[in-house]
Amino acid sequence: QVQLVESGGGLVQAGGSLRLSCAPSGRTFSNYRVGWFRQAPGKEREFVAAINWSGFTYYADSVKGRFTISREIAKNTVYLQMNSLKPEDTAVYSCAADGPPTCSSYKCYQKEAAYEYWGQGTQVTVSS
């Protein structure tokens with residue numbers, strides 16, 4: 001069983017930055033895909049970004065150019081660097097992970113069903 005732990009959420013003013021971290025306990029991320037999703041109050045959870053085991057990255061249009069997903073293999077951690085934050089980015093951010101078989105399309109990475117393991121989430125609040 002893989003447990004994911006997120007950290008790095010908080011309160012920031014519009015235009016500011018935050019970096020979220022996601023690390024697994026019990027195994028490594030070496031051949032896993034890892035995604036970030038978010039859920040704002042009263043809204044459905046939505047895809048934010050993903051990275052596969054080869055290092056390819058995928059982003060939702062709403063965050064492209066502002067958010068960067070990356071991984072540090074030595075620390076077994078995946079990061080979500082969020083810049084130019086907007087009030088509409090306010091949400092609970094959760095990381096998710098799963099192993100092979102790999103996703104074959106961008107649409108796959110966007111789906112919650114493509115990820116077996118989920119973290120508890122971390123709150124990000126952007127004030128205007």
Side-chain angles (χ1 to χ4, degrees):
Q1 186 72 11
V2 177
Q3 291 183 324
L4 304 179
V5 179
E6 304 103 333
S7 62
L11 173 64
V12 64
Q13 288 188 330
S17 299
L18 283 174
R19 188 177 77 162
L20 306 183
S21 300
C22 175
S25 62
R27 68 162 301 139
T28 66
F29 271 152
S30 59
N31 61 342
Y32 273 44
R33 58 183 169 277
V34 179
W36 285 96
F37 290 76
R38 67 186 181 186
Q39 186 168 22
K43 294 188 176 181
E44 296 287 320
R45 186 157 56 185
E46 65 176 2
F47 168 78
V48 176
I51 187 167
N52 70 8
W53 68 272
S54 296
F56 286 99
T57 57
Y58 307 85
Y59 296 95
D61 288 343
S62 59
V63 306
K64 205 171 290 183
R66 300 188 298 122
F67 291 12
T68 302
I69 189 171
S70 64
R71 62 183 185 180
E72 189 168 354
I73 295 175
K75 293 188 176 181
N76 198 31
T77 300
V78 170
Y79 302 100
L80 183 68
Q81 177 67 43
M82 306 185 294
N83 298 329
S84 302
L85 282 161
K86 305 174 182 180
E88 51 264 44
D89 294 318
T90 295
V92 174
Y93 285 71
S94 300
C95 71
D98 206 343
T102 187
C103 276
S104 59
S105 68
Y106 170 64
K107 285 187 177 180
C108 173
Y109 288 96
Q110 292 178 293
K111 295 180 180 178
E112 294 181 37
Y115 303 87
E116 180 174 359
Y117 307 108
W118 290 80
Q120 292 296 315
T122 184
Q123 177 70 46
V124 171
T125 303
V126 184
S127 63
S128 57

Assigning hydrophobic clusters by single linkage (Ile, Leu, Val, Met, Phe, Trp, Tyr; side-chain heavy-atom cutoff under 4.5 Å), is [X] placed with [Y]?
X	Y	value
Ile69	Trp53	no
Tyr32	Tyr58	no
Ile51	Trp118	no
Tyr117	Tyr109	no
Trp36	Phe47	no

Practice problem: Kindly determine whether Val126 and Met82 satisfy side-chain contact (heavy atoms from CB on, under 4.5 Å), including the steps that lead there. | Solution: CA-CA 11 Å; Val126 184; Met82 306 185 294; over 6 Å; no
Which donor-acceptor pairs under 3.5 Å do the side chains of residues 14-26 make with protein atoms, sequence neighbours left out?
from  : atom 1 : to    : atom 2 : distance (Å)
Ser17 : OG     : Asn83 : OD1    : 2.9
Ser25 : OG     : Gln3  : O      : 3.4

Quiz item: Do any pairs count as a disulfide bond (SG atoms under 2.5 Å apart) and have a residue in residues 60-94, sequence neighbours left out, and if so which ones?
Solution: none
Quiz item: Less than 4.0 Å between a side-chain N and a carboxylate O, is that true for Asp61 and Lys64?
Solution: yes
Self-check item: Test side-chain hydrogen bond (donor to acceptor under 3.5 Å, both in side chains) applied to Gln110 - qualifying residues, sequence neighbours left out
Solution: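 With neighbours one apart ignored, the set is Tyr106.
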Quiz item: With a 3.5 Å cut-off and no angle check, do the side chains of Glu6 and Tyr93 form a donor-acceptor pair?
Solution: no
Quiz item: Between Asp89 and Arg66, what is the shortest heavy-atom contact and its length?
Solution: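 Closest approach of Asp89 to Arg66: OD2-NH1, 2.7 Å.
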Could you tell me if the side chain of [Y] sits less than 4.5 Å from the side chain of [X], heavy atoms only?
X	Y	answer
Asn31	Pro100	yes
Val124	Arg38	no
Thr90	Gln123	yes

Quiz item: Say you draw a straight line from CD of Glu46 to CD of Glu112; how long is it, rounded to the nearest 0.5 Å?
Solution: 10.5 Å
Exercise. Please round to the nearest 0.5 Å and tell me the distance separating atom NZ of Lys86 and atom OG of Ser128.
Key: 14.0 Å
Exercise. Mark yes or no for whether Arg33, through its side chain, and Ala114, through its backbone, hold a donor-acceptor pair below 3.5 Å.
Key: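 Side chain of Arg33 to backbone of Ala114: a pair is present.
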Quiz item: When the ring centroid of Phe37 is compared with that of Tyr115, is the distance short of 6.0 Å?
Solution: yes
Quiz prompt | Flag if over 12 foreign heavy atoms under 6.0 Å of CG, Leu11 | solution =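 Count over threshold, so yes.
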